[in-house]
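Naming convention: chains lettered A, B, ... in sequence-line order (proteins, then strands); numbering from 1 in each chain.
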There are 2 protein chains.
Amino acid sequence: MTTGSSTEWLARAREEGGPSGEPKRDRQFVEALARGLEVLRAFQPNHAQLGNQEIARATGLPKPTVSRLTYTLTKLGYLTYSERLGKYHLGAPALALGYAVLSNMGIRQLARPHMQELADYSGASVALGSRDRLNLIYVEYCRSNAAVTLRLDLGSKVPIATTSMGRALLAALPESEREHLMDFIAKRDPERWPQIRAGIERGIEDYASRGFTMSIGEWKSDVNGVGVPMIPSDGSPIMVFNCGAPSFQLSRDRLETDIGPRLVNMVRGVEVLLGHH
Amino acid sequence: MTTGSSTEWLARAREEGGPSGEPKRDRQFVEALARGLEVLRAFQPNHAQLGNQEIARATGLPKPTVSRLTYTLTKLGYLTYSERLGKYHLGAPALALGYAVLSNMGIRQLARPHMQELADYSGASVALGSRDRLNLIYVEYCRSNAAVTLRLDLGSKVPIATTSMGRALLAALPESEREHLMDFIAKRDPERWPQIRAGIERGIEDYASRGFTMSIGEWKSDVNGVGVPMIPSDGSPIMVFNCGAPSFQLSRDRLETDIGPRLVNMVRGVEVLLGHH
DNA sequence: AAACGCAATTTCGCAATGCGGAACTAAGAG
DNA sequence: CTCTTAGTTCCGCATTGCGAAATTGCGTTT
């Protein structure tokens, strides 16, 4: 299901962009920390409980190393050991980190009223996401009081490959970064790559011509959405907005002619607010 | 405001319980990982943006070390660097961890209906917390539709020293652990320690005689609450429930005679559910 | 402009620290 | 009682992280 191992990401994280780069050690990069965090990441919402062995398999790290890392994380409270199952699960301190992320993210307060307005107008839900590897993480979320469906929580992930949000991100990314990510997507799912690629390229065109991207049943067959990127003025990473709903509620046509342009407008408005610091 | 440095915690985390222990190295403990996480922790909700210097001061780590750790965390996406400010802030991947915590915590789904029921009955809010150092982190939260006040989000922290929840935790903890924590509390706030200590001891008595603890305006002057601990059957850490509201809404008398006993009952109910796995 | 203060990064030699293959122990399953 | 599968301990090696001090970089001040 997942990529063979997450070691690839660690390897890439160390190197400069150069694909030719030999294993020149980055004396600045703290391997042990990266590996420890990799262990924490292994605990996805579906993999609630993991033993050392499973973690070793999931991360591609040697057993003794995993053993030491889980030992450390447990002492710090980030992991909790269950005697009954002989497995670890995530502890509350990890949650506190997430809360700090949200409460420190100024853009959320700025954007929320605008997002809510569009959500109410469209009867759909509007979200703000930030990238993590090949996913987008929801950092803000508004839905119309009408909408009953599509409940995604803050902190949850959607793939960049097939969502309108993801395509908006890719379209706005500098060429080199985009290709880097697309390489990974291709590698992870060679089967569907041709269609995925086509969707991304359509997204790039849509973004160039109209300022927003679309996904019509391409992420989940009964969900439609549009996406718009926001490129911050300082060097910080691109954020992405979307507006989406079940397909019976939001037709392709309405997205294209009405919601898409409005989302673009909304993002321009938020950008202005951000400019005022 | 905070403890001088968080290095104390790291030191303790390595050692066995023994207070006499000299710095016998724990070859199992990965220092670099612990330090890296300590850097992330420095980003509390109030300290949104931090430079290397500030992090060094907050964590008590040497500057070059901090520099390497922030470098690593940035490459991994857990921190983001703002050119404009020359400071770091937390990135979305940290949020994803928090989400995984919540979605994996089975007890939440089990307990929620019961918590909601009591919240509705009492017109107050009911929460479930788990300890992180000297705080309790809210991992589940229900409030009556009536209650307008006291909005605390999942992942936020309250001190164990002065809250009903905290006292319930301390009361249920084994002697040695309790004293260990109380030492820290005393050290952190010697000024108020006499009153704090008195409150904790009252909590221990209350818990022994009635099964719940109280805090009447001792955390925030206009907030009252009761707390009940839940000791899991496997070795995993104690969880704590509370029920609280602004003091005008929930009198001491009502807490003592009505809400407290009901909360105890509720927790017994949840414990039974947990037993059924 | 030059000089100053302040913060962040780089340097660099040292040894502490993290590493992982292999051996060992523990706990089920057949 | 063996066979498998998970987890820990050993232990020598060299990688890797360490931190004092020097260096760079930036924004003020004189």
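With sequence neighbours excluded, no residue forms a salt bridge (Lys or Arg N to Asp or Glu O under 4.0 Å) with Arg68(A). Applying the salt bridge (Lys or Arg N to Asp or Glu O under 4.0 Å) rule to Glu177(B) yields no partners; only residues at least two apart in sequence or on another chain are considered. For Pro237(A), the side-chain contact (heavy atoms from CB on, under 4.5 Å) partners are Thr80(B), not counting sequence neighbours. Take Asp183(A) and apply the side-chain contact (heavy atoms from CB on, under 4.5 Å) test, not counting sequence neighbours, and it matches no residue. With sequence neighbours left out, Glu54(B) forms a side-chain hydrogen bond (donor to acceptor under 3.5 Å, both in side chains) with Lys87(B). Residues satisfying the side-chain contact (heavy atoms from CB on, under 4.5 Å) criterion with Leu69(A), sequence neighbours excluded, are Arg35(A), Val39(A), Leu61(A), Thr65(A), Val30(B), Leu33(B). Every residue meeting the salt bridge (Lys or Arg N to Asp or Glu O under 4.0 Å) condition with Glu175(B), not counting sequence neighbours, appears here in chain and number order: Arg178(B).
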Dot-bracket for DNA chain D, please. Rules: Watson-Crick or G-U, both distances under 3.5 Å, ( ) within the strand, [ ] when a pair crosses earlier ones, | for another strand, . otherwise.
||||||||||||||.|||||||||||..||
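Counting only residues at least two apart or in different chains, salt bridge (charged side-chain N to carboxylate O under 4.0 Å, His left out) contacts with residues 97-113 of chain A comprise Arg108(A)-Glu140(A), Arg112(A)-Glu140(A). Identified under the side chain to side chain donor-acceptor pair (under 3.5 Å) test for residues 91-107 of chain B, with sequence neighbours left out: none.
Going from atom CD1 of Ile55(A) over to atom C1' of dG7(D) covers 12 Å, rounded to whole Å. Rounded to whole angstrom, the span from the NZ atom of Lys87(B) across to the P atom of dA7(C) amounts to 10 Å.
For Ser67(B) and dT9(C), the shortest distance from a side-chain N or O to OP1 or OP2 is below 4.0 Å.
Atom CZ of Arg192(A) has 12 or fewer heavy atoms from other residues, nucleotides or ligands within 6.0 Å.
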Could you run down the sub-3.5 Å N/O contacts of the protein with nucleotides 19-23 of chain D?
from    : atom 1 : to       : atom 2 : distance (Å)
dG19(D) : OP2    : Thr65(B) : OG1    : 2.7
dG19(D) : N7     : Arg68(B) : NH2    : 3.4
dG19(D) : O6     : Arg68(B) : NH1    : 3.4

Using nucleotides 24-30 of chain C, report all nitrogen or oxygen pairs with the protein that are shorter than 3.5 Å.
none

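The side chain of Arg57(A) lies closest to dA6(D) when the candidates are dG18(C), dG7(D), dA6(D). Proximity note for Gln28(B) (side chain, C-beta onward) versus dA6(D), dT9(D), dG18(C): the nearest is dT9(D).
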